[in-house]
Amino acid sequence: MDIPGYPGTDILSQKKCVVIECRQNIPCNPCEAACPHQAITVGEPITNLPVVDPEKCIGCGLCVAQCPGQACFLVDQTGEDHDTVTIPYEYHPLPEKGQEVYGLSRAGEYLVKAVVVRTVMTKKNDRTAVVEIQVPKGYGMKVRGISTDGRRIAKGADTQEPSDIILEHADGDDMYVCRCEEITKRQVIEAVRNGATSVNEVKRLLRTGMGLCQGRNCAVTIERIIAQELGVSPAQVTKATKRGPVRAIKLSGYTSLDIEANEEMFEHDW
């Protein structure tokens, strides 16, 4: 995997280590703050992709529950006949130790049966459980989720491509335009028909672009929807205002106050 959060095959065959499958340059660094051993680095700017130092990682899993995008996993490929994967889990009921579950791919498709090794749920994790599962050898870098619903898996295995009738009745207006805030195309259209003429105005009404991606995934789509509703070219739609992440900096970053202060230009007779 060509991402700085992947420690490499050699490391995973020797020890349990974090794998961070983060590919988007968004302002996010909870994984860095969660690691007590400084094995994860985001640094400056905060939009950097996280980098893993496998030498420092001890496989504690504290980062797994803290990642808001659920992109942190622990992978251990040291076993002769199995791999172990530690994943975030936010469903109820929680799986129990020894329970057989269904390992899912990154696309949510069933891959292989797995066995729960342990489940950890603490107040610090804020309702996100950490579940360690054992999977057959070779599936450590493939399984990224689990399901406990055997009926759903069985039904999914029998599912064919959607029929023409289903596709004909599918309503595209109900699709999510902003996945972070779960805003549909229909809601955006309604906002435009109620007077919104720019991406910023839609944002004020619906919170589109306020999620973790900060509009990177939805802004262009919303521009096109507005243009279509107004009957204009997308180039005529006012673009979204781009703002960097807010964080404290020294005032001297903007001015020469540090120099002026040394020259005693700010002394007052108060």
Side-chain angles (χ1 to χ4, degrees), residues 3 20-30 45-47 49 67-72 87-92 102 104-111 126-128 144-147 149 151-153 155-246:
I3 49 177
I20 306 181
E21 299 185 1
C22 186
R23 297 177 178 272
Q24 292 185 315
N25 297 94
I26 59 177
C28 183
N29 67 349
I46 197 175
T47 53
L49 292 181
C67 176
Q70 298 194 337
C72 291
I87 63 173
Y89 191 78
E90 295 183 337
Y91 300 94
H92 287 286
Y102 302 90
L104 308 178
S105 70
R106 294 173 179 84
E109 300 171 340
Y110 169 65
L111 291 178
D126 190 21
R127 296 180 295 279
T128 298
R144 287 297 176 266
I146 61 172
S147 173
D149 189 350
R151 289 178 297 179
R152 184 181 74 83
I153 298 299
K155 183 178 179 180
D158 297 332
T159 299
Q160 304 298 322
E161 290 295 321
S163 67
D164 292 338
I165 296 178
I166 294 176
L167 292 176
E168 182 180 349
H169 289 83
D171 193 342
D173 287 353
D174 288 330
M175 70 178 183
Y176 285 127
V177 172
C178 175
R179 290 178 291 172
C180 295
E181 297 294 326
E182 297 185 354
I183 305 300
T184 64
K185 179 181 178 182
R186 187 185 306 280
Q187 290 173 286
V188 175
I189 291 175
E190 183 178 352
V192 176
R193 291 178 180 176
N194 286 334
T197 60
S198 69
V199 178
N200 279 342
E201 290 175 350
V202 172
K203 178 179 181 179
R204 295 188 191 104
L205 291 170
L206 303 176
R207 286 184 56 83
T208 52
M210 295 288 284
L212 288 174
C213 84
Q214 292 292 286
R216 286 175 174 82
N217 293 324
C218 63
V220 174
T221 303
I222 294 171
E223 288 174 13
R224 292 174 180 171
I225 295 173
I226 296 172
Q228 184 177 25
E229 285 296 306
L230 298 180
V232 300
S233 166
Q236 294 178 265
V237 178
T238 304
K239 309 296 182 183
T241 301
K242 301 296 184 181
R243 294 184 177 90
V246 177

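These numbers were taken from a predicted model, which means no experiment stands behind them.
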(request) Using the side-chain contact (heavy atoms from CB on, under 4.5 Å) rule, take Lys185 and Ile225 through it: C-alpha gap first, then chi angles, then the decisive distance, then the call. (result) CA-CA 8 Å; Lys185 179 181 178 182; Ile225 295 173; 3.7 Å; yes

(message) Does Gln24 form a side-chain contact (heavy atoms from CB on, under 4.5 Å) with Asn217? I'd like the steps, not just the answer.
(response) CA-CA 10 Å; Gln24 292 185 315; Asn217 293 324; 3.2 Å; yes

(message) Run the side-chain contact (heavy atoms from CB on, under 4.5 Å) test on Asn200 and Thr238 for me, step by step, so that the C-alpha distance in whole Å, both residues' side-chain angles and the decisive distance to 0.1 Å come before the verdict.
(response) CA-CA 8 Å; Asn200 279 342; Thr238 304; 5.5 Å; no

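Side-chain N or O atoms of Glu109 include none that pairs as donor or acceptor with a backbone N or O of Ser105 at under 3.5 Å. Between the Gln70 side chain and the Cys67 main chain, no donor and acceptor come within less than 3.5 Å of each other.
When all heavy atoms of Val202 and Ala196 are compared, the closest pair comes out as CG2-CB, 3.9 Å. Listed here is the closest heavy atom pair of Cys218 and Gly209: SG-N, 3.8 Å. When every heavy atom of Ile26 is checked against every heavy atom of Cys213, the shortest pair comes out as CG2-CA, 3.8 Å. Nearest heavy-atom pair across Pro27 and Arg216 is CD-NH1, 3.9 Å. Contact between Ser233 and Ala227 at its shortest, heavy atoms only, is C-CB, 3.9 Å. Across Val199 and Ala219, no two heavy atoms sit closer than the pair CG2-O, 4.3 Å.
No side-chain heavy atom of Ile183 sits less than 4.5 Å from a side-chain heavy atom of Arg207. Residues Pro68 and Cys28 are in side-chain contact: their nearest non-hydrogen atoms beyond the backbone lie under 4.5 Å apart. Residues Arg186 and Asp174 have side chains in contact (heavy-atom distance under 4.5 Å, counting atoms from C-beta outward). At least one side-chain heavy atom of Val232 sits under 4.5 Å from a side-chain heavy atom of Val237. Annotation: side chain of Leu49 is in contact with side chain of Asn25 (closest heavy-atom distance under 4.5 Å). Looking at Glu181 and Leu206, their side chains never come closer than 4.5 Å, going by heavy atoms from C-beta outward.
Between Arg127 and Glu90 there is no salt bridge, since no side-chain nitrogen of the basic residue lies less than 4.0 Å from a carboxylate oxygen of the acidic one.
Counted within 6.0 Å of CZ on Arg224, heavy atoms from surrounding residues, nucleotides or ligands total 12 or fewer; the atom is thus considered open.
Gln187 and Thr184 share a donor-acceptor pair across their side chains, judged by distance under 3.5 Å alone.
Expressed to the nearest 0.5 Å, how far CD of Glu201 lies from CG of Asn194 amounts to 12.0 Å. In this structure, Ile189 CD1 and Ile222 CD1 are separated by 11.5 Å, a value rounded to the nearest 0.5 Å. Separation of atoms CG (Leu104) and CD1 (Ile87) is listed at 8.0 Å; rounding is to 0.5 Å. Taking OG of Ser198 as the start and NZ of Lys239 as the end, the distance is 11.5 Å to the nearest 0.5 Å. Interatomic distance, OG1 of Thr47 versus CD of Gln214, reported as 11.0 Å (0.5 Å rounding).
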